[in-house]
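Written out below as structure tokens is the structure these notes cover.
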2 protein chains.
Amino acid sequence: MNSGIKLLKMNMKKTHQSSAMMNIPLFHNLPGPSLKILQGILMEKEFSKGENIFSEGSESTGFYIIMRGRVKVYKLSPEGKEQILHIVGPRELLGAVSAFAGSPYPAHADAMEKTKALFFLQKDFLALVRKEPSVVMNMMANLAMRLQHFTRMIEDLSLKEVPGRLAAYFLYLCEQKGCSDIVEMDISKGQLASLLGTIPETLSRILRRLSEQGVLEVSGRRIRLINKKALKDIINGEKLRF
Amino acid sequence: MNSGIKLLKMNMKKTHQSSAMMNIPLFHNLPGPSLKILQGILMEKEFSKGENIFSEGSESTGFYIIMRGRVKVYKLSPEGKEQILHIVGPRELLGAVSAFAGSPYPAHADAMEKTKALFFLQKDFLALVRKEPSVVMNMMANLAMRLQHFTRMIEDLSLKEVPGRLAAYFLYLCEQKGCSDIVEMDISKGQLASLLGTIPETLSRILRRLSEQGVLEVSGRRIRLINKKALKDIINGEKLRF
DNA sequence: GGATATCCTTGACTTATGTCAATAATACAG
DNA sequence: CTGTATTATTGACATAAGTCAAGGATATCC
């Protein structure tokens, strides 16, 4: 709730953030002077678990870079069903499109856990961009990635049924991590349902069917992938029997 | 209808293109020298109706700016069902994300009608960008718009049922044009189904129900919106009765 | 202009997934 | 540890939308 700018000694703060910022893709390869400007215009903010960061339709005053924690960006149906668009983690941008386009936020954003972020005011950032257009190059890469993510999401939602989306998600997790046969879901099942565009009940049933069929084994948030081939088949439209 | 660059003498041609390019958002406010470079690296290409421009997974060698005609960008399910991601028209970019990111095309693109386009080779364009980073600013605006489009699409696909998506589409068309009560569908019903993430049969049934209930009137591709309030209610989750 | 291919509509049927409600399991606070 | 709140599972049921198949309407091509 309280989002304060921490009161640190000036020098300490600068040094610390400078090294942090070098690791943020958006600010790679920035010349020193521009980095200095950056440090002058950012603000640290903190959000507690479940706290709303911004809401759909509200005016965007700027954008965030997440330093710690995770944020879910989601839409709500009139009846309250939620669809998670993406989950934003450390070193990633939040709300940048709106800030750049000067349009209102297109979705809600809530902190999923205690979250620390850097906040950039739109006008300050745009001023920087005019001085240093190459920043936008890095931003482009980020947007391009997000576009590809959305492309896949649309494909999934309209061309695949829930088992297919779930299978794709598990294999995705599997690739991310070392591709061992055990993957750890880093979100609750309810949230996973929302991410896959379905509801907890449906997800629960499908997980049970997959277990019964020996495709995988569930214990809490730990999933053991037993038959990856079967998962791939499901992604490719193979029906999941009862 | 036909707006083409007729067969003019060389000098004429250059002049013509130069002015054409000034109208493309991507190249707004470019200084003269950069414009000259641009003209050196572009190629004119033409596609006949139904012709494939690129396919999902194929290496991207560059991107297009559509000058005339329309192109559908779509995904295919293993069973052949198609989901149109967007329809690209004159003055718009095609395949730019892939070109920028250096990744393969993430979807298929077919000309929906006779289409004329300018083609830019990746490496040439990237060289230009290095000289003139401000081009990327304009590109950002394009990507930001597309992201918002996809955001709405995901919301629709997962939170609304087909009648809601259809209603949203009609009201969107209505706003685009002068918002008279008559809208002209500029694509076939089959294609519209694919755009809405459904199949022609379902679309047909829903159109009939909407007619029966006096919400609208269909005659060919001309739709008369009789009860816009009802359409808005449907978007907001109101059920469409039989 | 007639033949052919394509698109559109409609009906009967199946199925995936959402809804509602009740219980079980887990996490959390005092 | 114990009670409470949240989260997950399960069943019975409703329904939106897909499948299959057939007939009708349009567009298109020689």
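Each chain gets a letter, A, B and so on, in the order the sequences are listed, and its residues count up from 1. Computed from a predicted structure; not experimentally measured. Just the heavy atoms: all of them, side chains too, but no hydrogens, waters or symmetry mates, feed the values below.
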Checklist entry - How are the rings of B:Tyr64 and B:Phe54 set relative to one another: parallel (under 30°), tilted (30 to 60°) or perpendicular (over 60°)? => result parallel
Checklist entry - What is the distance, rounded to the nearest whole Å, between atom CG of B:Leu159 and atom P of D:dA16? => result 17 Å
Checklist entry - What integer distance in Å separates A:Leu157:CG from D:dA17:C1'? => result 15 Å
Next on the checklist: Run the side chain to side chain donor-acceptor pair (under 3.5 Å) test on A:Tyr169 and A:Asp156 for me, step by step, so that the C-alpha distance in whole Å, both residues' side-chain angles and the decisive distance to 0.1 Å come before the verdict.
Outcome noted: CA-CA 10 Å; A:Tyr169 179 78; A:Asp156 285 358; over 6 Å; no
Next on the checklist: Rounded to whole Å, how long is the line connecting atom CZ of B:Arg221 with atom P of D:dA27?
Outcome noted: 8 Å
Checklist entry - Among C:dA16, D:dA17, C:dT17, which is the nearest nucleotide to the side chain of B:Val162? => result D:dA17
Next on the checklist: Need one value for A:Gly164: base, sugar-phosphate or nothing, where a base atom within 4.0 Å counts as base even if backbone is also close, heavy atoms only.
Outcome noted: nothing
Item to check | For atom CG of B:Leu240 and atom C1' of D:dA17, their distance in whole Å | outcome: 13 Å
Next on the checklist: If I take atom CD1 in residue A:Ile234 and atom C1' in nucleotide C:dA16, what distance separates them, rounded to the nearest angstrom?
Outcome noted: 14 Å
Item to check | Between D:dT9 (C1') and A:Leu192 (CG): distance, integer Å | outcome: 15 Å
Next on the checklist: Using 30° and 60° as the class boundaries, would you call the ring planes of A:His86 and A:His149 parallel, tilted or perpendicular?
Outcome noted: tilted
Next on the checklist: Check the phosphate of D:dA16 against B:Thr202, side-chain N and O only, distance under 4.0 Å to OP1 or OP2. Yes or no?
Outcome noted: no
Checklist entry - For B:Lys189 and C:dT9, is the shortest distance between a side-chain N/O and OP1 or OP2 below 4.0 Å? => result yes
Checklist entry - Among C:dT9, D:dG18, C:dT17, which nucleotide sits nearest the side chain of B:Ser204? => result C:dT9
Item to check | Atom-pair distance (CG on B:Leu207; C1' on D:dA25), nearest Å | outcome: 16 Å
Item to check | No-hydrogen, no-angle side-chain donor-acceptor test under 3.5 Å, B:Glu217 and B:Ser211 | outcome: no
Next on the checklist: Suppose we call a contact any N or O donor and acceptor under 3.5 Å apart; does that hold for the side chain of B:Arg241 and the base of D:dT15?
Outcome noted: no
Checklist entry - Taking only side-chain nitrogens and oxygens of A:Arg208, does any of them come within less than 4.0 Å of OP1 or OP2 of D:dG11? => result yes
Checklist outcome for this item: By nearest-nucleotide position on DNA chain D, the 5'-leaning member of B:Ile206 and B:Glu201 is B:Ile206
Checklist outcome for this item: From CD of B:Glu79 across to P of D:dC20 the rounded distance in Å is 10 Å
Next on the checklist: Main chain of A:Leu196, side chain of A:Arg165: is a donor-acceptor contact present, judged purely on distance under 3.5 Å?
Outcome noted: yes
Next on the checklist: Below the 4.0 Å mark, does C:dT9 have OP1 or OP2 next to a side-chain nitrogen or oxygen of B:Arg205?
Outcome noted: no
Next on the checklist: Assess, by modelled atom type and distance only, whether the side chains of B:Glu51 and B:Ser48 contain a donor and an acceptor separated by less than 3.5 Å.
Outcome noted: yes
Checklist entry - If you check the A:Pro200 side chain, which of C:dT19, C:dT17, D:dT9 turns out closest? => result D:dT9
Checklist entry - If you find the nucleotide of DNA chain D closest to A:Ser188 and the one closest to B:Arg209, which residue's nucleotide is nearer the 5' end? => result A:Ser188
Item to check | Check: A:Arg165 side chain, C:dT17 base, donor-acceptor under 3.5 Å | outcome: no
Checklist entry - Has A:Lys81 got a side-chain N or O lying under 4.0 Å from the OP1 or OP2 atom of C:dT19? => result no
Next on the checklist: Nearest to the side chain of A:Phe242, heavy atoms from C-beta on, is which of C:dA16, D:dT10, D:dT19?
Outcome noted: C:dA16
